[in-house]
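Some notes on the structure that comes next.
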Amino acid sequence: MSEERSLNFLEEIIENDIADGKNGGRVHTRFPPEPNGYLHIGHATSICLNFGLAKKYNGKCNLRFDDTNPVTEDTEYVDSIRNDIEWLGFTWDNEFYASDYFDQMYGFALTLIEKGLAYVDDSTAEEIAAMKGSTIAPGTDSPYRNRSIEENLQLFGEMRDGKYRDGEKTLRAKIDMAHPNLLLRDPLMYRIKHEHHHRTGDKWCIYPMYDFAHGQSDSIEEITHSICTLEFIHHRPLYNWFIEQLGIFPSHQYEFARRNLTYTVMSKRKLLQLVNEKHVSGWDDPRMPTVSGMRRRGYTAEAIRQFCDTIGIAKRENIVDIGMLEFCVREHLNKIANRVMAVLDPVKLVITNYPEGQEDIFIADNNPEDASAGTREIPFSREVWIEREDFMEVAAKKYFRLAPGNKVRLKNAYIVECTGCAKDDAGNITEVHCIYLPESKSGSDTSGLTVKGTIHWVSIPHAKTAEVRMYDRLFKVEDPANEEGDFKDHINPDSMHILPEVYIEPALAAAQPGDRVQFMRKGYFCVDTDSTPEHLVFNRTATLKDAWAKEVKRG
RNA sequence: AGUUCGAUGGUGUAACGGUAGCACCACAGACUCUGACUCUGUUAGUCUAGGUUCGAAUCCUAGUCGGACUACCA
């Protein structure tokens with residue numbers, strides 16, 4: 001249980017800080033999503049990290065919406081983000097919004113202007129870009145760089161008061177136009193946007209940029225460990241510069257490498273494209289790597305947390321095999337999902353020596369991994385559906401399912417011996433014939449026989465039907481974002497295959513949306529939110545490992 | 001080219017100067033009323049070259065390779 005685990009680099013930093021008495025030994029993190037999209041598996045990593053660290057070190061973790069760009073942000077996203085975090089099993093200590101601090105940030109800006117460290121620039125975006133220089137050439141000072149403090153104060157006030165149009169002026173920090181770090185070449189602090197904000201409404205027409213909002217928000221909340229992804233590493237000097245010049249609480253930023261997944265795209269921009277261009281049904285399409293998509297797919301929060309824990313955290317580039325995620329999902333589902341029988345691609349099996357009109361009721365364990373899951377009744381009769389692939393007219397080598405002369409067990413029922421099949425005029429197999437061994441009844445087997453194969457089935461007169469959506473990976477290639485051309489060219493055309501009518505055992509008729517089961521020998525499935533009592537819909541969450549399929553593939 | 005971060009089996013991650021370990025994948029076998037689960041075993045790794053040291057994945061130097069940065073996005 002208390003297996004010894006080594007610390008990741010952030011835990012080491014935190015433990016050192018605690019040992020040094022930094023911040024009085026206090027640990028306070030935050031998860032800072034921008035409400036402009038749904039959370040995905042990458043965010044889940046960050047959530048597990050930030051909330052996990054706070055929990056481990058008896059600290060706190062805030063949820064803070066980084067809502068400084070009213071153009072792309074929306075309350076729809078706020079709601080989904082809150083919901084997803086809760087579903088993942090985390091509770092935030094405070095819910096804040098960067099927009100809560102707009103007044104304070106405005107005051108911070110005034111302070112910097114008064115210290116001669118910020119100025120209003122009339123240059124256009126193009127001019128600013130041109131003056132920025134490049135990685136190998138220094139930038140040039142803006143002609144407005146040396147305005148007086150008084151003039152800057154007045155112009156900035158006028159910016160706030162709406163006297164100027166979008167883009168007409170900006171507020172910039174006065175640092176160093178020749179700095180080797182391009183971010184320190186007089187970065188923009190405020191821009192004008194006459195836009196309605198989802199929380200502040202029309203109160204503001206100037207909005208702070210990320211760099212002048214994030215660190216300040218961290219500081220206001222007295223965040224001790226501000227954890228973000230590697231691409232912000234160049235921002236750290238700027239993060240520190242603002243905090244130092246302002247003399248406010250010294251939050252510190254730490255960076256880790258975001259996790260990438262094979263056969264997946266992760267950027268919000270690309271995910272938005274998939275949604276807008278209808279390649280998927282929405283943000284919660286079961287093929288999406290979003291938290292809501294994975295939830296609808298049937299993934300459990302435990303599995304996702306386990307995955308985040310398993311892949312760990314580091315600072316190097318990575319692309320995690322999606323098989324790792326699928327493994328975690330199967331591992332958890334194996335423990336909790338009840339076993340049921342469903343026939344996806346049916347062919348009729350007739351048990352010729354079983355009397356017409358007779359039936360048996362078998363009692364089956366719901367979950368061999370969990371005795372507390374109980375049992376259920378399964379009706380049996382003379383004609384049952386079996387999978388078409390569970391019969392071969394001529395058995396391949398190592399094939400131990402039904403073939404003339406072969407014996408198999410019908411799961412939870414009898415051992416049957418195949419006697420042949422019937423075909424239509426076109427040569428298609430229409431039914432498979434067999435005889436059963438009455439003394440091989442499940443639970444009271446006196447036949448003394450052991451058979452190599454066991455197959456699932458559903459009694460034809462008792463069968464119910466359901467729609468099943470067979471999901472597969474959304475992309476055909478490992479790293480669609482880095483492939484030649486458009487990432488959408490690599491979408492897997494078979495990522496969803498709908499089976500409109502499969503046969504399920506009657507006990508399943510009462511299944512409710514969100515229920516997770518294992519269709520024995522076929523995979524894990526969950527009841528979709530589209531499902532109704534009249535029309536059940538199952539999503540395939542994950543396949544089972546299939547040693548036979550591998551054998552067939554090998555030839 | 002500048003700045004900056006990184007480099008351990010196919011993948012992810014440990015080892016903090018002292019036996020390169022764990023998980024996934026792959027492969028082989030055992031078990032099996034799920035060809036599932038479980039169990040056992042196998043293959044396979046320290047970017048390169050120097051140096052320090054009794055001893056280097058770890059420290060130093062040089063190089064190689066990879067990523068990130070040059071949005072009025074975050």
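Every chain is numbered from 1 and lettered A, B, ... according to where its sequence line falls, protein lines coming before strand lines.
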For [N], give its Watson-Crick or G-U wobble partner with both distances under 3.5 Å, or none.
{"N": "B:A74", "value": "none"}
{"N": "B:G12", "value": "B:C22"}
{"N": "B:A56", "value": "none"}
{"N": "B:U46", "value": "none"}
{"N": "B:C33", "value": "none"}
{"N": "B:C27", "value": "B:G41"}
{"N": "B:A7", "value": "B:U64"}

With a 4.0 Å limit, can you tell me whether [X] has a side-chain N or O closer than that to the phosphate oxygens OP1/OP2 of [N]?
{"X": "A:R259", "N": "B:U11", "answer": "no"}
{"X": "A:R521", "N": "B:G35", "answer": "yes"}
{"X": "A:T310", "N": "B:G12", "answer": "no"}
{"X": "A:K545", "N": "B:U34", "answer": "no"}
{"X": "A:R554", "N": "B:C27", "answer": "yes"}
{"X": "A:R191", "N": "B:A71", "answer": "no"}
{"X": "A:K407", "N": "B:C33", "answer": "no"}

A:K193 NZ/CZ over A:Y207 ring centroid, <6.0 Å and within 45° of normal: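 No, A:K193 and A:Y207 do not form such a contact.
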
Using the [atom1] atom in both, what is the distance from [N] to [M], to the nearest Å?
{"N": "B:U52", "M": "B:C59", "atom1": "C1'", "result": "8 Å"}
{"N": "B:C47", "M": "B:A30", "atom1": "C1'", "result": "41 Å"}
{"N": "B:U48", "M": "B:G10", "atom1": "P", "result": "13 Å"}
{"N": "B:U40", "M": "B:G50", "atom1": "C1'", "result": "45 Å"}
{"N": "B:U8", "M": "B:C22", "atom1": "C1'", "result": "13 Å"}
{"N": "B:A57", "M": "B:U53", "atom1": "C1'", "result": "16 Å"}

What is the distance from [atom1] of [X] to [atom2] of [N], rounded to the nearest Å?
{"X": "A:R269", "N": "B:A71", "atom1": "CZ", "atom2": "P", "result": "15 Å"}
{"X": "A:N406", "N": "B:G35", "atom1": "CG", "atom2": "P", "result": "14 Å"}
{"X": "A:H456", "N": "B:G35", "atom1": "NE2", "atom2": "C1'", "result": "13 Å"}
{"X": "A:D66", "N": "B:A74", "atom1": "CG", "atom2": "P", "result": "8 Å"}
{"X": "A:F9", "N": "B:U8", "atom1": "CZ", "atom2": "C1'", "result": "17 Å"}
{"X": "A:L238", "N": "B:U3", "atom1": "CG", "atom2": "P", "result": "19 Å"}
{"X": "A:D211", "N": "B:A71", "atom1": "CG", "atom2": "P", "result": "13 Å"}
{"X": "A:N367", "N": "B:U38", "atom1": "CG", "atom2": "P", "result": "13 Å"}

Answer with base, sugar-phosphate or nothing: what part of the nucleic acid does [X] contact at a heavy-atom distance below 4.0 Å?
{"X": "A:R330", "answer": "nothing"}
{"X": "A:K193", "answer": "sugar-phosphate"}
{"X": "A:S267", "answer": "nothing"}
{"X": "A:Y210", "answer": "base"}
{"X": "A:A125", "answer": "base"}
{"X": "A:I233", "answer": "sugar-phosphate"}
{"X": "A:F212", "answer": "nothing"}
{"X": "A:N412", "answer": "base"}
{"X": "A:P368", "answer": "base"}
{"X": "A:G443", "answer": "base"}
{"X": "A:T68", "answer": "sugar-phosphate"}
{"X": "A:T135", "answer": "base"}
{"X": "A:F400", "answer": "base"}
{"X": "A:K452", "answer": "base"}

Position toward the 5' end of RNA chain B (nearest nucleotide), A:P180 or A:I455: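 Nearer the 5' end of the strand: A:P180.
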
5' precedence on RNA chain B between A:V451 and A:E73 (nearest-nucleotide basis):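 Result: A:V451.
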
Pair of N/O donor and acceptor under 3.5 Å linking B:C33 base with A:S442 side chain: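 For A:S442, whose side chain was compared with the base of B:C33, there is a donor-acceptor pair (under 3.5 Å).
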
N/O donor-acceptor pair, side chain A:R316 with base B:U8, under 3.5 angstrom: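 Checked by distance alone, the answer is yes.
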
For A:M177, the option from A:D141, A:L184, A:T140 that meets side chain to side chain contact (heavy atoms under 4.5 Å, CB included):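 Exactly one candidate clears the test, A:D141.
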
A:R199 atom CZ, over 12 foreign heavy atoms within 6.0 Å: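 Yes, CZ of A:R199 has more than 12 neighbouring heavy atoms, counting only those of other groups under 6.0 Å.
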
The single option from A:E387, A:K522, A:K411 passing side-chain hydrogen bond (donor to acceptor under 3.5 Å, both in side chains) against A:H456: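 Only one option passes, and that is A:E387.
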
Among B:U34, B:G35, B:G12, the nucleotide that comes nearest once only the side chain of A:L544 is considered: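 Nearest listed nucleotide: B:U34.
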
Out of B:G35, B:A74, B:G12, whichever nucleotide has its closest atom nearest the side chain of A:R401: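 So the side chain of A:R401 is nearest to B:G35.
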
Short side-chain donor-acceptor distance under 3.5 Å, A:H234 and A:N181: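 No pair is found: no donor N or O on one side chain lies under 3.5 Å from an acceptor on the other.
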
Check: A:S80 side chain, A:Y38 main-chain N or O, donor-acceptor pair, under 3.5 Å: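 Looks like no, no N/O pair under 3.5 Å.
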
Residue of the set A:W204, A:Y119, A:F156 for which ring-ring contact (aromatic ring centres under 6.0 Å, His included) holds with A:Y190: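 Of A:W204, A:Y119, A:F156, ring-ring contact (aromatic ring centres under 6.0 Å, His included) with A:Y190 is met by A:F156 alone.
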
Heavy-atom pair with the smallest gap, counting every atom of A:N367 and A:A337: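 Closest approach of A:N367 to A:A337: ND2-O, 3.4 Å.
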
